[in-house]
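Working notes, beginning with the structure itself.
Heads up: numbering here begins at 1 and tracks the sequence.
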Amino acid sequence: DLGREGAHGEPREDRRHELPAAADPSAYRLTILRSPTNLGFAEGQNAVMDYALDEARADYFIELNNDTEVDAQFVEGLLQVFAQGSPDGRVKPEEVGNVGPIAQGLVDGRRTERITYYGGRFPARSLFRSQLIRGHEPEVQRDVAEVDLVVGAASAFSAKALRSVGGYDPRLFAYGEELDITVRLREAGYRSLVTRHSTIWHAGGRTSQGIRQAFRTEQSIKNTVLNVRKHAILRQPASLIREAMAIGLATARSFRQAFRTRDWRYAVAPLRGLWDGLCGRFSDAQVGTLERGVGRAEGRSRRILALEQKV
């Protein structure tokens, strides 16, 4: 996003001077993977992971939303944590499964100083607090902090950790997938960290613009319930209360939207999501042929990464 227009067409500050002087564009290759079908966020990420780990032989995989901007030390700051672990020695380098940056606000293409999140907690530990760790909380004062959840807008994984858990669960399709993979990483013996030495600016919600609100509500509620069914740590009383409150709030908002617009799909969506979640109905995992935009012309068939079926 260096030097491009902002969200509303206003000129955006040209920050190409921030690129490292040693960066030679000709030394890098951009590979685009296209899918003829909508794989969803989870399986779409798996497809890219599959290429990065198996064909590009990557040691690390970094995912980044398209409504973000990054600082010049974004990648280096994340990789430093994998190499060193936590400064207090409590988390060894080999135990680091994923690492996230500090996130600040991006409003109409302008970077702000407001910290929007610095990792998160499992709901069971934060009944009366936000699940996301924000700028006024003590964890943000640490250069590197261990967290329960690295939020999906920007996250780095070690190849070894990804292979151990099999990537994202494609049956979740969209929403709640980062909570699921974080829990599975933890169960596999890995730890999640965040670092102040890597920064993103995140607009928030822009990635899902154009997707019907009713669909987002249905998927979010369904996957919330499915994650509770999958993971014992999310079935503690405080967690159940918190998740029930979140579902109730989302349902109320959806009903209000239905009465306001007279579009009753908004009223049906949360009820359908709740019912499908309680019945254990996952989305159909779609795995198809991917076409590589640059490089080999022919398509290739992906294999499904091993996933643990817990429901």
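Expressed to the nearest 0.5 Å, how far CG of L106 lies from CD of E69 amounts to 5.0 Å. To the nearest 0.5 Å, atoms OG (S254) and CZ (R216) are separated by 10.5 Å. Separating the CZ atom in F41 from the CD atom in E63 is a distance of 5.0 Å, to the nearest 0.5 Å. From L226, atom CG reaches atom NZ of K222 across 6.5 Å, with rounding to the nearest 0.5 Å. With values rounded to the nearest 0.5 angstrom, Q45 atom CD is found 10.0 Å from L162 atom CG. The CG atom of L179 lies 6.5 Å from the NE2 atom of H231; values are rounded to the nearest 0.5 Å.
Taking each heavy atom of L39 and G44 in turn, the nearest pair found is CB-N, 3.9 Å. A153 approaches Y117 most closely through the heavy-atom pair CB-OH, 3.0 Å. In terms of heavy atoms, W201 sits closest to G105 at CD1-O, 3.4 Å. Taking both residues in full, the closest heavy atoms of I200 and P101 are given as CG2-CG, 3.8 Å, listed atom of the first, atom of the second, then distance. Nearest approach of F61 to A52, heavy atoms of both residues: CD1-CB, 3.8 Å. Scanning all heavy atoms of the two residues, the minimum distance from P93 to G85 falls at CG-N, 3.9 Å.
For D169 and K230, the salt-bridge test passes: some basic side-chain N is under 4.0 Å from an acidic carboxylate O. The existence of a salt bridge linking D108 and R110 is excluded, since no basic side-chain nitrogen approaches an acidic carboxylate oxygen closer than 4.0 Å. Between R90 and E146 there is no salt bridge, since no side-chain nitrogen of the basic residue lies less than 4.0 Å from a carboxylate oxygen of the acidic one.
Partners of V268 by side chain to side chain contact (heavy atoms under 4.5 Å, CB included), not counting sequence neighbours, listed by chain and number: R272.
Of the possible polar contacts, one joining the S35 side chain to the T37 backbone as a donor-acceptor pair under 3.5 Å is found. Checking side-chain atoms of N223 against main-chain N and O of L172 turns up a donor-acceptor pair under 3.5 Å. Within the 3.5 Å criterion, the main-chain N or O of G167 finds a donor-acceptor partner in the side chain of R184. At least one donor-acceptor pair closer than 3.5 Å links the side chain of T68 to the backbone N or O of N65.
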- Item | Test log, rule side chain to side chain contact (heavy atoms under 4.5 Å, CB included), inputs I102 and V194 | CA-CA 7 Å; I102 191 168; V194 286; over 6 Å; no

- Do V165 and Y190 pass the side chain to side chain contact (heavy atoms under 4.5 Å, CB included) test, and can you show the C-alpha distance, the side-chain angles, and the key distance before you say yes or no? CA-CA 10 Å; V165 299; Y190 291 97; 5.6 Å; no

- Task: May I have the step-by-step check of side chain to side chain contact (heavy atoms under 4.5 Å, CB included) for L64 and F74, ending in yes or no?
- Result: CA-CA 11 Å; L64 183 68; F74 170 66; 4.0 Å; yes

- Message: Show, in sequence, the C-alpha distance, side-chain angles and deciding distance for D276 and E218, and conclude whether the side chain to side chain contact (heavy atoms under 4.5 Å, CB included) test is met.
- Response: CA-CA 9 Å; D276 285 348; E218 179 182 340; 4.2 Å; yes

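No continuous path of ILVMFWY side-chain contacts below 4.5 Å connects I181 to V225, so the two sit in separate hydrophobic clusters. By the rule that hydrophobic residues join a cluster once side-chain heavy atoms approach within less than 4.5 Å of another member, I247 and L234 end up as members of separate clusters. Grouping the Ile, Leu, Val, Met, Phe, Trp and Tyr side chains by contacts below 4.5 angstrom, directly or via other members, places L274 apart from L240. Tracing side-chain contacts under 4.5 Å through hydrophobic residues (I, L, V, M, F, W, Y), one reaches L278 starting from I221; they form part of the same cluster. Put simply, I115 and V147 are part of the same group of oily side chains (I, L, V, M, F, W, Y) that touch within less than 4.5 Å, one to the next.
Side-chain contact of T217 with Q213: a donor-acceptor pair under 3.5 Å is present, judged by distance alone.
Counting only heavy atoms from C-beta outward, the side chains of Q80 and Q73 never approach each other to under 4.5 Å. Taking 4.5 Å as the limit, some side-chain heavy atom of F255 sits within range of a side-chain heavy atom of L271. In this structure the side chain of D148 never reaches within 4.5 angstrom of the side chain of T182, judged on heavy atoms. By the 4.5 Å heavy-atom criterion applied to side chains, E178 and V150 are not counted as neighbours. The side-chain heavy atoms of L185 and F157, taken from C-beta on, include a pair separated by under 4.5 Å. When side chains are defined from C-beta on, E43 counts as touching N46, because their heavy atoms get closer than 4.5 Å. When side chains are defined from C-beta on, L149 does not count as touching S192, because their heavy atoms never get closer than 4.5 Å.
Counting only residues at least two apart or on different chains, the side-chain hydrogen bond (donor to acceptor under 3.5 Å, both in side chains) pairs with a member in residues 256-270 are D263-R265. Within the structure, side-chain hydrogen bond (donor to acceptor under 3.5 Å, both in side chains) contacts touching residues 152-162 (residues at least two apart or in different chains) do not occur.
Ring pair F173/F215 is perpendicular by interplanar angle, where above 60° counts as perpendicular and below 30° as parallel.
With Q104 as the fixed residue, the side chain to side chain contact (heavy atoms under 4.5 Å, CB included) test singles out one of T199, D71, T116: T199.
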